[in-house]
Amino acid sequence: MTNIREQLSRLVGGALSEASGIADCNPNVIEATRSEFGDYQANGVMAAAGRCGRKPRELAEAVIDGMSDEDGIVASAEVAGPGFINIRLNDQALISRGNDVLRDPRSLIPPDRQAQKIVVDHSSPNLAKEMHVGHLRGTVIGDCLSRVLERLGHEVIRQNHVGDWGTQFGMLIAYMQELGEDSSVLQAELEDLETFYRAAKEKFDSDPAFADRARLSVVRLQGGDPEYLKAWQSFIDESLRHCQEIYGRMDVGLTLADLDAESRYNDDLDGIIRELEEKGLLQESDGARCVFLPEFKGKDGEPLPVIVQKSDGGYLYSTTDLAAVRMRSFDFEADRSLYVVDARQSLHFKQVFAVARAAGMASEDISLEHVAYGTIMGSDGRPYKTRSGDSVKLADLLDEAVARAFDLVSAKNPDLAEDERRLIAENVGIASVKYADLSKNRMSDYVFDWSTMLSFEGNTAPYLLYACTRIKSLLRKQEDDSGGNELTELTQPEERALLLKALQLPEIVEVVARECYPNLLCSYLYELSGAFMRFYEACPVLKAEPNIRNSRLALASLTEQTLEQGLDLLGIKTLERM
RNA sequence: GCGCCCGUAGCUCAACGGGAUAGAGCAUCGGCCUUCUAAGCCGAGGGUUGCAGGUUCAAGUCCUGCCGGGCGCACCA
């Protein structure tokens with residue numbers, strides 16, 4: 001079942017091509033900007049009229065006459081203003097679509113016509129430290145996009161490009177050895193990776209002998225010394241355990257199978273350099289090996305290098321990223337490769353993509369997309385930190401969210417057993433953090449603020465979850481009539497508005513998949529919840545006469561499906577009670 | 001200096017390949033619980049979309065120039 005907008009686009013688009021004689025014109029069908037205009041509006045007539053030299057309103061009339069609406073989805077179409085076509089949908093067509101979804105809830109979001117293979121690179125913490133608030137956005141946005149793309153039938157290859165290689169690990173290994181191999185002391189120390197890192201760093205900075213040992217262990221490690229590799233591996237395993245714990249708690253789908261650690265590419269890096277050299281792209285500058293591309297200029301207009309090998313022979317993350325592009329392009333044969341990474345790295349990705357294209361390390365038709373996101377700020381307008389200036393651990397952030405949610409649930413609903421309140425708080429707290437992030441335009445920086453996020457009013461996770469619990473409560477009380485869950489009539493405007501809104505989910509999901517903006521899905525779900533709340537206030541369900549009662553229960557059930565599926569795409573689970 | 005991103009209501013944010021009268025929430029003020037969960041609903045006030053030009057039937061959105069802010073720019077990732 002094609003979504004409503006697409007169906008209308010074809011309908012109007014066909015007639016528009018016919019009437020204007022222009023094959024490739026865009027009917028530009030969007031949801032009506034104001035309800036007086038109907039349900040949808042076609043804005044493309046005016047542009048087409050300009051191209052074929054006809055009067056817009058006259059062309060619009062011709063388009064309306066030429067529409068062959070075989071399914072009878074359009075109740076009325078009329079010319080308005082300078083040449084808009086305002087479209088009102090047929091109630092029966094809406095009811096019939098709604099019933100189709102009720103019979104087969106999966107049909108709400110139909111698969112994309114052509115399934116693609118899509119890499120989603122996200123989360124990517126540095127394993128030297130514990131995950132902190134800086135990893136929140138990449139983790140949550142990437143997880144959401146993965147879910148959306150999977151739901152549309154694409155083959156999604158999640159990649160967690162963790163930092164597990166480089167100089168810090170020499171320091172950490174040296175510090176592990178310092179503490180002694182066997183001890184439970186070590187285990188205890190590793191419980192808090194942040195503290196461990198800080199202690200190692202402190203020693204590194206204050207103890208020259210230790211610093212030497214640290215530098216030596218990098219060399220040993222990178223030289224493949226089994227003892228050092230073993231120590232390194234045990235540290236990595238421990239750090240990954242921390243990550244997976246966070247992912248599990250946040251219901252993020254990343255698993256160990258999705259690991260795409262930097263070290264994976266160690267053996268490829270020589271080859272990358274050789275390949276660049278063969279292509280004639282490599283130049284030496286101040287002892288470093290670089291690629292210069294004309295489109296990149298640095299300070300004072302001088303050519304800007306992409307350094308792929310340091311003067312000491314070491315490789316950089318550009319080199320690794322090139323190797324990763326090559327793998328994604330030629331081994332995975334992906335159609336798209338998304339990099340859900342901080343916006344501050346946009347120059348880096350532009351360079352890597354450009355070099356990869358120039359060197360043939362990316363196939364012609366792979367789409368390389370930096371899905372950039374802004375910074376989480378504190379109320380002082382600086383990147384979000386603790387009062388002492390440290391980065392906020394993700395684990396602590398989640399704890400606090402859950403604690404605040406628990407207080408709130410207890411205040412709102414003191415009759416619930418404590419166990420249940422704990423479970424609700426875990427869900428609500430974490431959902432709130434995720435939703436607060438996903439609902440912001442990913443490109444802009446946003447201010448992290450407990451009071452707006454956990455005030456639980458307005459466009460927040462609790463509002464959506466609350467709408468769900470109202471529906472579920474309603475459906476629980478219907479008791480006897482299990483059968484006949486069918487929409488039959490729309491007696492109130494609130495019912496119609498809700499039904500139409502619910503049927504629009506696939507239109508939004510399609511845009512999210514294309515443009516990678518989860519906040520569009522959030523706004524949609526917020527509007528859907530609002531439409532339900534208004535319906536709930538205006539239309540008695542259980543006390544209505546049987547026909548209407550049944551139809552309204554069906555509408556509630558459809559809304560539940562839509563909300564649940566939509567929230568699932570955000571990585572949020574619904575609740576029975578809250 | 002060059003490049004990228006941003007500037008929208010007092011605050012936090014929207015506005016989906018340019019569309020008609022720029023929308024929500026918070027905060028403020030005023031209504032609605034003997035009736036399906038009031039974490040809700042209804043209503044009011046609040047704007048020259050940083051400034052100035054340009055493109056066109058139509059500009060918050062596209063182009064140019066300013067002003068203001070953020071970030072990035074040679075061996076960290």
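Computed from a prediction, not measured in an experiment: that's the story for all the values here. Throughout, a chain's letter reflects where its sequence line sits, starting with A, and its residues are numbered from 1.
- For the pair A:Asp24 and A:Arg51, the salt-bridge criterion is met [side-chain N within less than 4.0 Å of a carboxylate O].
- Remark: B:rC2 base-pairs with B:rG72; criterion is Watson-Crick or G-U wobble with both hydrogen-bond distances under 3.5 Å.
- Atom NE2 in A:His348 sits about 10 Å away from atom P in B:rA77, given to the nearest Å.
- Using a 4.0 Å heavy-atom cutoff across all strands shown, A:Glu576 reaches at least one base atom of the nucleic acid.
- Comparing atom distances between the A:Arg344 side chain and each of B:rC71, B:rA39, B:rC36 picks out B:rC71 as nearest.
- Taking atom P on both B:rC5 and B:rC11, the two are 25 Å apart, rounded to the nearest angstrom.
- Pairing partner, B:rC66: B:rG50, with both Watson-Crick or wobble hydrogen-bond distances short of 3.5 Å.
- The phosphate of B:rA39 (OP1 or OP2) has a side-chain N or O of A:Tyr466 nearer than 4.0 angstrom.
- In this structure, A:Asn459 atom CG and B:rG25 atom C1' are separated by 7 Å, rounded to whole Å.
- Under the Watson-Crick or G-U wobble criterion, with both distances below 3.5 Å, B:rC26 is paired with B:rG10.
- Only the P atoms considered, B:rA74 is 16 Å distant from B:rG3, to the nearest whole Å.
- For the P atom pair drawn from B:rG7 and B:rU49, the interatomic distance equals 14 Å after rounding to whole Å.
- For A:Asp321 and A:Tyr265, the side-chain atoms include no donor-acceptor pair closer than 3.5 Å.
- Residues A:His348 and A:Tyr317 place their aromatic rings such that the two centres sit under 6.0 Å apart.
- By the 6.0 Å contact criterion, NZ on A:Lys55 is open, its count of non-hydrogen atoms from other residues, nucleotides or ligands being 12 or less.
- As the counterpart of B:rA20, no nucleotide is assigned, since no Watson-Crick or G-U wobble pattern has both distances under 3.5 Å.
- In terms of phosphate contacts, A:Arg534 brings a side-chain nitrogen or oxygen within less than 4.0 Å of OP1 or OP2 of B:rC42.
- Separation of the P atoms belonging to B:rA22 and B:rU35 is 41 Å when rounded to the nearest angstrom.
- Closest to the side chain of A:Lys412, from the set B:rA77, B:rA39, B:rA74, is B:rA39.
- A:Thr460 comes within contact range of no nucleotide atom at all, as no heavy-atom separation falls under 4.0 Å.
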Intermediate values then yes/no, salt bridge (Lys or Arg N to Asp or Glu O under 4.0 Å), A:Arg5 and A:Glu31: CA-CA 8 Å; A:Arg5 179 150 86 143; A:Glu31 200 185 335; over 6 Å; no

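- Nearest to the side-chain atoms of A:Pro462 among the listed nucleotides B:rC36, B:rA39, B:rC4 stands B:rA39.
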Nucleotide by nucleotide, 5' to 3', does protein get under 4.0 Å of the base (B), only the sugar-phosphate (S), or neither (-) in nucleotides 12-23 of chain B, counting heavy atoms? -SSSBB-BBB--

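- Mapping A:Val409 and A:Gln168 onto RNA chain B via the closest heavy atom, the residue that lands nearer the 5' end is A:Val409.
- One can place CD of A:Glu494 at 11 Å from C1' of B:rC41, the figure rounded to the nearest angstrom.
- Residue A:Cys539 is the one, among A:Cys539 and A:Leu408, whose nearest nucleotide of RNA chain B lies closer to the 5' end (criterion: closest heavy atom).
- Contact check, A:Lys477 against B:rU37: a side-chain N or O comes under 4.0 Å of OP1 or OP2.
- Just one residue in the list A:Arg534, A:Lys501, A:Arg552 forms a salt bridge (charged side-chain N to carboxylate O under 4.0 Å, His left out) with A:Glu495, and that residue is A:Arg552.
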Would A:Arg476 and A:Glu576 count as a salt bridge (Lys or Arg N to Asp or Glu O under 4.0 Å) here? Give the steps. CA-CA 10 Å; A:Arg476 272 199 303 273; A:Glu576 284 292 325; 2.5 Å; yes

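- Between B:rA15 and B:rA9, the two C1' atoms lie 15 Å apart (nearest whole Å).
- Nucleic acid contact class of A:Tyr526 (heavy atoms, under 4.0 Å, all strands): sugar-phosphate only.
- Note on A:Ala343: nothing from the nucleic acid sits closer than 4.0 angstrom, heavy atoms only.
- Counting non-hydrogen atoms under 4.0 angstrom, A:Cys468 reaches nothing in the nucleic acid.
- Remark: aromatic rings of A:Phe84 and A:Phe37 are distant, center separation not under 6.0 Å.
- Residue-level contact check: A:Arg382 touches the backbone only, with heavy atoms under 4.0 Å from sugar-phosphate atoms and none from bases.
- The nearest whole Å value for the distance from the CG atom in A:Leu316 to the P atom in B:rC73 is 13 Å.
- Comparing the P positions of B:rU48 and B:rG60 gives an interatomic distance of 13 Å, to the nearest angstrom.
- Ring planes of A:Phe169 and A:Phe235: perpendicular class, angle over 60° (limits at 30 and 60°).
- Taking the side chain of A:Leu347 as heavy atoms from C-beta on, and the options B:rC73, B:rC36, B:rA39, the nearest nucleotide is B:rC73.
- Between B:rA38 and A:Tyr463, no contact under 4.0 Å exists linking OP1 or OP2 to a side-chain N or O.
- At distances below 3.5 Å, not a single donor-acceptor pair connects side-chain atoms of A:Asp112 with backbone N or O atoms of A:Leu152.
- Separation of the C1' atoms belonging to B:rU37 and B:rC33 is 11 Å when rounded to the nearest angstrom.
- B:rA27 and B:rU12 are spaced 15 Å apart, taking the P atom of each and rounding to whole Å.
- A syn base is found at B:rC33: its glycosidic angle is within 90° of 0.
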